[in-house]
Structures are given as C-alpha cells and as structure tokens.
Amino acid sequence: MHDVIVIGGGIAGCTTAYYLADDGVDVVLLEQYEVNALASGANAGSLHAQIQPEPFVEFGERWARRFLPAIPFYRESMSMWYGIESVLGVDLEVSRDGGLVVAANDNDMQFLEAKAALERSEGLETVLLTAAELRDRAPYVSKEMGGGALCPIEGKANPLLAAPVFAAAAKARGAVIQQMQRVTAVRRLHDHFEVQCGNQSYRAARVIDAAGIDAGNVAAMLGGKIEMQSFPIQLSVTEPVSPLIKHLLYFSSDMLTLKQTKTGTILIGGGWPAVLDKQQRPRVKSSSLYSNLRIAVKTVPGIAAAQIVRTWAAQVNGNESWLPVIGEMPGSHGFFINYVPWMGFSGAPAASRIIASLAQGHIPPFDFDIAPFRP
C-alpha cells in the first residue's frame with residue numbers, strides 16, 4: 001500500500017514522482033514500456049511560453065483569449081526549467097536564448113502585433129522587431145523576411161535526458177519506478193484505489209493519471225473523460241554544423257520550428273503530419289519531410305548545406321483549447337489528472353508541482369489561477 005500511484009513514465013509522470021518523493025510522499029510510478037519511451041523522448045525539446053503562431057492563425061483572437069490563463073502557467077514552468085539543473089546537479093542542456101517568430105511580410109507583422117499585445121496583457125514580455133532589427137538580432141534569417149517577435153524567456157532542453165534524470169532523482173528520494181507495467185484496470189475500493197497491471201496489482205490512497213497519450217483511456221477506467229486527441233507528427237535532425245541558429249525559431253506563415261543543439265545538430269520540426277501504419281505506429285510521410293525542409297531553407301538559407309541524418313515520427317497529444325487539464329477528476333475523490341496538451345514538455349515542471357501539491361491536500365505554491373485547468 002502506497003500513498004500515491006503515478007501512472008505514466010514520460011516527463012509528466014517522472015516530474016510528478018520527483019516532486020512527491022521530494023516532499024516525502026511514498027510514491028510508485030507505473031510505466032507500460034520504459035521511462036521516456038514515447039513522446040517525452042521523441043519531441044524536439046522546445047521550451048514554449050508564448051501563444052503558438054499556428055493555432056492563433058487557425059482559430060483567431062477569440063481562441064487566444066481563452067488560452068490566456070495558460071501564459072502565467074508556462075511562464076512559471078520556464079522559470080522552473082531554468083533552475084532545475086542546479087537543483088538536481090545535472091546538465092540537461094537547458095538554454096534560454098529566446099523564441100523568435102519570423103514574419104514573412106507586413107500582414108504577418110500585424111498578426112504578431114496582435115499576438116504580442118495579448119501576451120503582454122498577461123505579463124509575458126514579447127519584443128517586436130523591424131526587418132532591420134531582425135537582421136541585427138538574427139543575421140542567419142533570410143533577408144527577405146519582414147520582421148519578427150522575440151519572447152526572451154523561451155529556450156530548449158534535451159528530451160532524451162530530462163525524464164530519465166527526474167526518474168532517477170525521484171528514485172533517489174525513495175520513489176519506486178516500475179517499468180513494463182501496463183495498466184489494465186483502475187478500481188475504487190472502500191478507502192483506496194487498486195491499479196491492475198496484468199497479474200500484478202498496486203494499491204494507494206490516491207492515483208495520478210499522467211499517462212500522456214493514454215491519459216484518456218486511464219481516466220475512462222473510472223468513468224472520466226479528458227478532452228484530447230492524438231496526432232502523428234515528424235521531426236528531422238542534421239549532422240553537427242558550426243554555430244548558426246541562436247534562437248528557438250518559428251515562421252509565422254507556415255509550420256516550422258528550428259533550433260540548434262549543444263552538439264551543433266539542427267532540429268527541424270513544426271508539427272508536420274506523419275502517418276500511421278496498419279499497426280497504428282507513426283511513420284514518416286515523405287511529402288511532409290519535403291515541405292518542412294523547403295520552408296526551413298526558405299527561412300534560414302544557411303542550413304541548405306547541412307545533411308539530414310535522421311527523420312522520425314511520434315504521436316503527440318492535443319486538444320482544441322490548448323489548455324492544460326490539471327486537478328482532481330469530478331466524481332472520483334483521490335484520482336487526479338496531469339495532462340498538458342501539445343506543449344507537455346514545456347509545462348511539465350509547473351503542472352507536476354501543482355498536481356503533487358493537490359494530491360497532498362496542499363495549495364500549489366504559485367500565484368496564478370489554476371481553476372481554468374480543472375478537469
């Protein structure tokens with residue numbers, strides 16, 4: 001019998017287990033494969049805080065105003081990311097060079113101005129750049145671009161390292177990490193929960209659903225529902241090249257993110273769709289690869305000479321509002337949800353600190369309103 005069972009061994013589950021164990025809670029984490037096996041280890045490691053350009057263009061200002069409560073949440077999570085290396089005593093390759101959205105023309109600049117105004121209304125600093133200022137700040141960007149917007153607190157970390165490091169830190173503080181434990185049932189008994197994994201069962205007073213792509217399936221075991229969908233997307237990485245791209249780079253007119261790692265490789269993404277094979281496994285889509293690389297070279301001509309060494313596909317989770325779902329599930333006292341759509345890597349520290357506090361009956365140590373995130 002444990003105090004808390006955490007379901008999911010991605011970045012959400014591992015950070016949740018870490019904060020609980022650091023608080024002295026008896027916690028066991030259950031992961032169906034190995035820690036960091038799915039999206040948490042296959043994403044690009046971007047640390048986002050601003051309103052993302054793509055949904056703003058697609059859904060408009062009304063959607064963005066609904067999303068605004070998430071900005072203080074992500075701002076706090078960025079602060080936590082930038083302090084975690086010193087707390088854990090490890091190098092997660094965290095950098096804070098800023099997120100730069102490049103505008104192709106004057107129309108795109110008007111869109112960036114509207115977006116920046118909303119961000120500033122929630123205390124997020126966003127700096128608008130003229131074409132000349134863009135060339136000064138980011139000389140690697142195509143000279144044809146008409147300006148940009150810089151969010152200074154954005155950055156990146158290494159997703160291959162992060163979740164395993166948090167899992168190790170949780171284990172060092174007393175957490176039990178159980179891999180290859182696929183949850184098949186969650187039952188509410190008289191005063192505790194029983195979580196079944198094949199022939200093995202675990203019991204605890206509280207359960208936290210941090211199962212990422214499977215969070216909805218786990219919640220459904222107790223009659224709950226989470227607004228979420230799953231999407232296959234793809235990423236590419238180049239060979240190591242000389243320092244070129246300083247920022248986490250976006251392109252306002254199409255799907256693109258670019259960043260250069262500590263080793264010199266360049267990650268090329270932006271959410272281009274992959275495909276699912278007959279076994280529902282994500283596979284690379286060649287037309288998406290072509291389009292992604294074409295836009296990357298259009299935005300940063302200097303990457304044209306870099307060789308692509310790998311392209312891969314992964315499943316990501318999302319919802320239309322882009323709002324996190326964090327809190328106790330209605331009608332299931334003691335069962336908690338920790339689900340951050342789209343930007344789960346970015347939001348993991350803040351979301352997990354919130355859920356770890358709530359699971360102990362404590363008020364989270366933040367000054368922003370978490371009510372909009374309740375399941």
Would you say [Y] ends up clustered with [X] if hydrophobic residues are merged whenever their side chains have heavy atoms under 4.5 Å apart, either directly or through other cluster members?
X: Val94; Y: Tyr19; result: yes
X: Leu249; Y: Met109; result: no
X: Leu256; Y: Val141; result: yes
X: Val340; Y: Leu124; result: yes
X: Ile370; Y: Val325; result: no

Residue pair Leu29 / Gly9: nearest heavy atoms and the distance that separates them: CD2-CA, 3.8 Å
Taking the side chain from [X] and the backbone from [Y], do they hold a donor-acceptor pair closer than 3.5 Å?
X: Asn107; Y: Phe111; answer: no
X: Ser332; Y: Phe335; answer: no
X: Glu85; Y: Asp91; answer: no
X: Glu58; Y: Pro53; answer: no
X: Ser352; Y: Ala12; answer: yes
X: Gln280; Y: Leu276; answer: no
X: Thr265; Y: Thr238; answer: no
X: Tyr339; Y: Met228; answer: no
X: Gln52; Y: Met343; answer: no
X: Glu31; Y: Val35; answer: no

Ignoring hydrogens and geometry beyond distance, is a side-chain donor-acceptor pair present between [X] and [Y] at under 3.5 Å?
X: Gln181; Y: Tyr202; value: yes
X: Glu119; Y: Thr126; value: yes
X: Ser46; Y: Lys156; value: no
X: Gln315; Y: Ser230; value: yes

Can you tell me if [X] has over 12 outside heavy atoms packed within less than 6.0 Å of its [atom1]?
X: Arg374; atom1: CZ; value: no
X: Ile363; atom1: CD1; value: no
X: Glu320; atom1: CD; value: no
X: Glu113; atom1: CD; value: yes
X: Gln229; atom1: CD; value: yes
X: Asp191; atom1: CG; value: yes

Do [X] and [Y] come close enough that some side-chain heavy atom pair is under 4.5 Å?
X: Gln179; Y: Tyr33; answer: no
X: Trp272; Y: Leu293; answer: no
X: Val195; Y: Ser201; answer: no
X: Glu227; Y: Ser321; answer: yes
X: Ser77; Y: Ser346; answer: no
X: Arg283; Y: Arg281; answer: yes
X: Phe366; Y: Arg353; answer: yes
X: Val300; Y: Leu258; answer: yes

Should the ring pair [X] and [Y] be called parallel, tilted or perpendicular, given that the plane angle runs from 0 to 90° and is split at 30 and 60?
X: Trp81; Y: Phe166; result: perpendicular
X: Phe73; Y: Phe373; result: perpendicular
X: Tyr250; Y: His48; result: tilted

Salt bridge present between [X] and [Y] (N-O < 4.0 angstrom):
X: Arg173; Y: Asp23; answer: no
X: Asp97; Y: Lys246; answer: no
X: Arg65; Y: Glu61; answer: yes

Residues clustering with Trp312 (ILVMFWY side chains joined when closer than 4.5 Å, directly or via others): Leu235, Val237, Leu267, Val309
Partners passing ring pair (Phe, Tyr, Trp, His ring centres under 6.0 Å) against [X] (at least two apart in sequence or in another chain):
X: Phe336; value: none
X: Phe67; value: Trp63
X: Phe251; value: none

Could you measure the distance from the [atom1] atom of [X] to the [atom2] atom of [Y]? Nearest 0.5 Å is fine.
X: Arg135; Y: Leu129; atom1: CZ; atom2: CG; value: 11.5 Å
X: Ile303; Y: Ile245; atom1: CD1; atom2: CD1; value: 5.5 Å
X: Leu92; Y: Ile84; atom1: CG; atom2: CD1; value: 8.0 Å

Residues Gln234, Lys285; criterion side-chain contact (heavy atoms from CB on, under 4.5 Å); working and verdict: CA-CA 8 Å; Gln234 59 191 61; Lys285 184 178 180 181; 3.6 Å; yes
Using a 3.5 Å cut-off and no angle test, enumerate the donor-acceptor pairs between side-chain atoms of residues 203-219 and protein atoms at least two apart in sequence or in another chain.
residue	atom	partner	partner atom	Å
Arg203	NE	Glu194	OE2	3.3
Arg203	NH1	His192	NE2	3.4
Arg203	NH2	Glu194	OE2	3.2
Arg206	NH1	Ala359	O	2.6
Asp209	OD1	Ala211	N	3.2
Asp209	OD2	Ala219	N	3.4
Asp214	OD1	Asn217	ND2	3.4
Asp214	OD2	Gln32	NE2	2.7

Passing candidate, side-chain contact (heavy atoms from CB on, under 4.5 Å) with Asn338, options Val6, Ile354, Ile355, Ile7: Ile355
Verdict with reasoning, Thr299 to Tyr140, per side-chain contact (heavy atoms from CB on, under 4.5 Å): CA-CA 9 Å; Thr299 310; Tyr140 58 87; over 6 Å; no
Working for side-chain contact (heavy atoms from CB on, under 4.5 Å), residues Ile326 and Ile337: CA-CA 5 Å; Ile326 310 169; Ile337 307 293; over 6 Å; no
Aromatic ring proximity Trp322/Phe56, centre distance under 6.0 Å: no
side-chain contact (heavy atoms from CB on, under 4.5 Å) between Asn158 and Thr261, worked out: CA-CA 8 Å; Asn158 189 330; Thr261 68; over 6 Å; no
Partner set under side chain to side chain contact (heavy atoms under 4.5 Å, CB included) for Asp108, not counting sequence neighbours: Ala103, Ala104, Asn105, Ser252, Ser253
